[in-house]
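All residue numbers in this chain count up from 1 along the given sequence.
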Amino acid sequence: MIYTPPPRDPNAPPVRVNLLSDTQTRPTAAMRDAMARADVGDEQIGDDPSVNLLCQRVADLLGKQAAVFMPSGTMCNVAATLVHCRPGDEILAHETAHIISREGGAHAALGGFQIMPLKGDDGQFTPDTFRAALHPRTRYQPPQTVVSVEQTANIGGGTIWQKAALDEIVAIAKANGMVTHMDGARLLNATVATGIPAAEMAAGWDSAWIDFSKGLGAPIGGVLAGSADFIDEVWRWKQRLGGAMRQAGVAAAACIHALDHHVDRLAEDHANARALARGLAQIDGIAVQEPETNLVFFKPDGAGVPGNKMVGELRKHGVLLAMMDGRIRACTHLDVTSAMIEETIGHVREIVRAA
């Protein structure tokens, strides 16, 4: 087995249109300047003013008492469940959720938790599906401790959990003595698309976090928020997991800059995603899922080009994207322009014509 990511093929053409992921964003010149001027201290002892400011801003943004800066979103999810659960506990989440499919089994490996996968269209389970999955608390079955949602639902197509559904899931969970956790990696995409404030979207969720290294364009980091007692326990796991840092204000300054300058512009990414979907849908044989945010999933098989071949052919033209869950995923972000979208559509059209 090979776990180490291979270096980029030096013989491949340069990547000019990077639709692989919004994690591919590069810090803007203004963000780099903010990082260079950051006021820093020792984050591990609570002495970094930039980190402290960032955490307070995210806590306020999400309507929570406190927050903590983490190196990654995965660490936000893992640390949250390590606080919420005990070995043998069960977490309920959609079958395509990041905590199941993209975190290396960390919740089982580090906490001894099992995750019950819930079915549902577009990366979401319904309140009725959640309710039906609950069982009586007996010694024969694991304690069902946490229900988790992913806003937006990545593999579901970047779909947005509706506020009414989120509220109903919270009500069911609380009535059954469960904790609620929101993986908010692209939460701000959802708030920009719907106009619903982040604090309102996260209301009732005991823990929630946002990722700064995706559409917000920072090079690193996520911020996890919740009650003061919860965040105090998260700090213990942050230390154990190696997430306590030193002069992290350099990274936190990038996140603060993103909050100030890169939130409203997420609407541009959504517009580019819609333009890409429209253009692809006009090519005979290509099946496209209508995007709700910045993710576009499509299948070119009906046009006579298997997905893997399409990805390979586009790479020859300097367009980078990838297969995910049997479909091609294209992800728009601040380094993708409308001209790049039109260029990509043109290349796809040419590849189909040559098939």
Legend entry - All side chain to side chain donor-acceptor pair (under 3.5 Å) counterparts of Arg353, not counting sequence neighbours: none

Inset, instruction - Could you pull out the closest heavy-atom pair between Ile155 and Ser101, with the gap in Å? - result: CD1-OG, 3.8 Å

Inset, instruction - Examine Met182 and Ile231 and state if one hydrophobic cluster contains both, with Ile, Leu, Val, Met, Phe, Trp and Tyr joined whenever side-chain heavy atoms are less than 4.5 Å apart. - result: no

Inset, instruction - Just jot down the salt bridge (Lys or Arg N to Asp or Glu O under 4.0 Å) partners of Glu150, sequence neighbours excluded, or say none. - result: none

Which side-chain N or O atoms in residues 104-120 pair as donor and acceptor under 3.5 Å with protein atoms at least two apart or in another chain?
residue	atom	partner	partner atom	Å
His107	ND1	Thr81	OG1	2.8
His107	NE2	Glu103	OE1	2.7
Gln114	NE2	Glu90	OE2	2.7
Lys119	NZ	Glu95	OE1	3.2

Inset, instruction - Compare every heavy atom of Gly123 with every heavy atom of Ala153, then report the nearest pair and how far apart it is. - result: CB-O, 3.6 Å

Legend entry - Passing option when Val336 is tested against Thr25, Thr344, Leu276, Leu19 for side chain to side chain contact (heavy atoms under 4.5 Å, CB included): Leu19

Inset, instruction - Over all heavy atoms of both residues, which pair between Ala355 and Ala303 is shortest? Give the atoms and the distance, please. - result: CB-O, 4.3 Å

Inset, instruction - For atom CZ of Arg265, decide whether the heavy atoms of other residues, nucleotides or ligands shown that lie under 6.0 angstrom number more than 12. - result: yes

Inset, instruction - Could you check if a side-chain atom of Asp335 sits within less than 4.5 angstrom of a side-chain atom of Gln24, using non-hydrogen atoms only? - result: no

Inset, instruction - Kindly state each residue pair satisfying ring-ring contact (aromatic ring centres under 6.0 Å, His included) with at least one member in residues 319-348, sequence neighbours excluded. - result: His317-His347

Inset, instruction - Verify the cluster assignment for Ile91 and Phe230: are they in a single hydrophobic cluster under the rule of side-chain heavy atoms below 4.5 Å apart? - result: yes

Legend entry - Validation row: Val234, Met70 side chains within 4.5 angstrom (heavy atoms): yes

Which side-chain N or O atoms in residues 200-209 pair as donor and acceptor under 3.5 Å with protein atoms at least two apart or in another chain?
residue	atom	partner	partner atom	Å
Asp206	OD1	Lys174	NZ	3.0
Asp206	OD2	Lys174	NZ	2.4
Asp206	OD2	Thr180	N	2.9
Asp206	OD2	Thr180	OG1	3.2
Ser207	OG	His84	NE2	2.9
Ser207	OG	His181	ND1	2.7
Trp209	NE1	Asn77	OD1	2.8

Legend entry - Reported CD1-to-NZ distance for the pair Ile328 and Lys299, which is rounded to 0.5 angstrom: 10.0 Å

Inset, instruction - Please report the shortest heavy-atom distance between Pro219 and Met31, naming the atom on each side. - result: CD-SD, 4.1 Å

Inset, instruction - State, without any angle test, whether Gln56 and Asp60 hold a side-chain donor-acceptor pair at a distance under 3.5 Å. - result: yes

Inset, instruction - Quick one: do Glu313 and Val305 satisfy side chain to side chain contact (heavy atoms under 4.5 Å, CB included)? Show the steps, please. - result: CA-CA 10 Å; Glu313 290 299 312; Val305 185; 5.8 Å; no

Legend entry - Least distance between heavy atoms, Ala93 atom then Ile100 atom: O-CD1, 4.4 Å

Legend entry - Inter-residue atom distance Met35.CE - Arg32.CZ, 0.5 Å rounding: 7.5 Å

Inset, instruction - Kindly compute the distance separating NZ (Lys238) from CG (Leu82), expressed to the nearest 0.5 Å. - result: 14.5 Å

Inset, instruction - Determine, stepwise, if the pair Phe297 / Met324 fulfils side chain to side chain contact (heavy atoms under 4.5 Å, CB included). - result: CA-CA 9 Å; Phe297 281 77; Met324 183 174 287; 4.2 Å; yes

Inset, instruction - List the steps and the verdict of side chain to side chain contact (heavy atoms under 4.5 Å, CB included) for His262 and Leu188. - result: CA-CA 10 Å; His262 291 174; Leu188 295 188; over 6 Å; no

Inset, instruction - Can you run down the side-chain hydrogen bond (donor to acceptor under 3.5 Å, both in side chains) pairs that involve residues 45-54, sequence neighbours left out, and say none if there aren't any? - result: none

Inset, instruction - May I ask whether Leu62 and Leu216 are part of the same hydrophobic cluster, defined by side-chain heavy atoms of I, L, V, M, F, W, Y residues being less than 4.5 angstrom apart, directly or through others? - result: yes

Legend entry - Side chain Arg102, main chain Thr74, donor-acceptor under 3.5 Å: no

Legend entry - Sub-4.5 Å side-chain heavy-atom contact between Asp9 and Arg315: no

Inset, instruction - Flag yes if more than 12 heavy atoms outside Asp264 fall under 6.0 Å of its CG atom; otherwise flag no. - result: no

Inset, instruction - Report whether Ile220 and Ile256 are members of the same hydrophobic cluster (ILVMFWY, side-chain heavy atoms less than 4.5 Å apart, transitive linking). - result: no

Inset, instruction - Report the hydrophobic cluster partners of Ile160, with the cluster defined as I, L, V, M, F, W, Y residues connected by side-chain heavy atoms closer than 4.5 angstrom, directly or transitively. - result: none

Legend entry - Within residues 179-196 or reaching into it, pairs that qualify as salt bridge (Lys or Arg N to Asp or Glu O under 4.0 Å) - sequence neighbours excluded: Asp22-Arg186

Legend entry - Beyond-backbone contact of Cys55 with Val51, side-chain heavy atoms, under 4.5 angstrom: yes

Inset, instruction - Could you check Thr293, Asn294, Asp269, Val263 and say which one makes a side chain to side chain contact (heavy atoms under 4.5 Å, CB included) with Val192? - result: Val263

Inset, instruction - Using distance alone, with no hydrogens and no angle criterion, decide if Gln124 and Thr159 have a side-chain donor and acceptor under 3.5 Å apart. - result: yes

Legend entry - Any residue meeting side chain to side chain donor-acceptor pair (under 3.5 Å) with Asn154, in chain and number order, not counting sequence neighbours: Arg329

Inset, instruction - Working to the nearest 0.5 Å, report the span between NE2 of His270 and OG1 of Thr332. - result: 7.0 Å

What donor-acceptor contacts under 3.5 angstrom involve side-chain atoms of residues 240-252, with partners at least two apart or in another chain?
residue	atom	partner	partner atom	Å
Arg246	NH1	Asp42	OD1	3.3
Arg246	NH1	Asp42	OD2	3.0

Inset, instruction - Give a yes or no answer on whether the side chain of Thr337 reaches the backbone of Met340 with a donor-acceptor pair at less than 3.5 Å. - result: yes

Legend entry - Any Phe212 side-chain heavy atom under 4.5 Å of Leu54 side chain: yes

Legend entry - Approximate separation, where rounding is to 0.5 Å, of Asn176 CG and Leu134 CG: 5.0 Å

Below 3.5 Å, can you tabulate the donor-acceptor pairs from side chains in residues 280-288 to any protein atom, sequence neighbours excluded?
none

Legend entry - Heavy-atom donor-acceptor pair, Gln144 side chain to Met178 backbone, under 3.5 Å: no

Inset, instruction - State, with a plain yes or no, whether a side-chain heavy atom of Pro300 is found less than 4.5 Å away from one of Val348. - result: no

Legend entry - Heavy-atom side-chain contact between Pro136 and Thr138 under 4.5 Å: yes

Legend entry - Nearest non-hydrogen partners of Gly221 and Asp211, listed with the distance: O-OD1, 3.3 Å

Inset, instruction - Look up atom NE2 in His98 and atom OG in Ser148, then write down how far apart they are to the nearest 0.5 Å. - result: 11.0 Å

Legend entry - Partner set under side chain to side chain donor-acceptor pair (under 3.5 Å) for Asp128, not counting sequence neighbours: Arg131

Legend entry - Verify same cluster id: Val352, Ile341 (apolar side-chain graph, 4.5 Å): yes

Legend entry - Check: Leu259 and Arg57 side chains under 4.5 Å, non-hydrogen atoms: yes

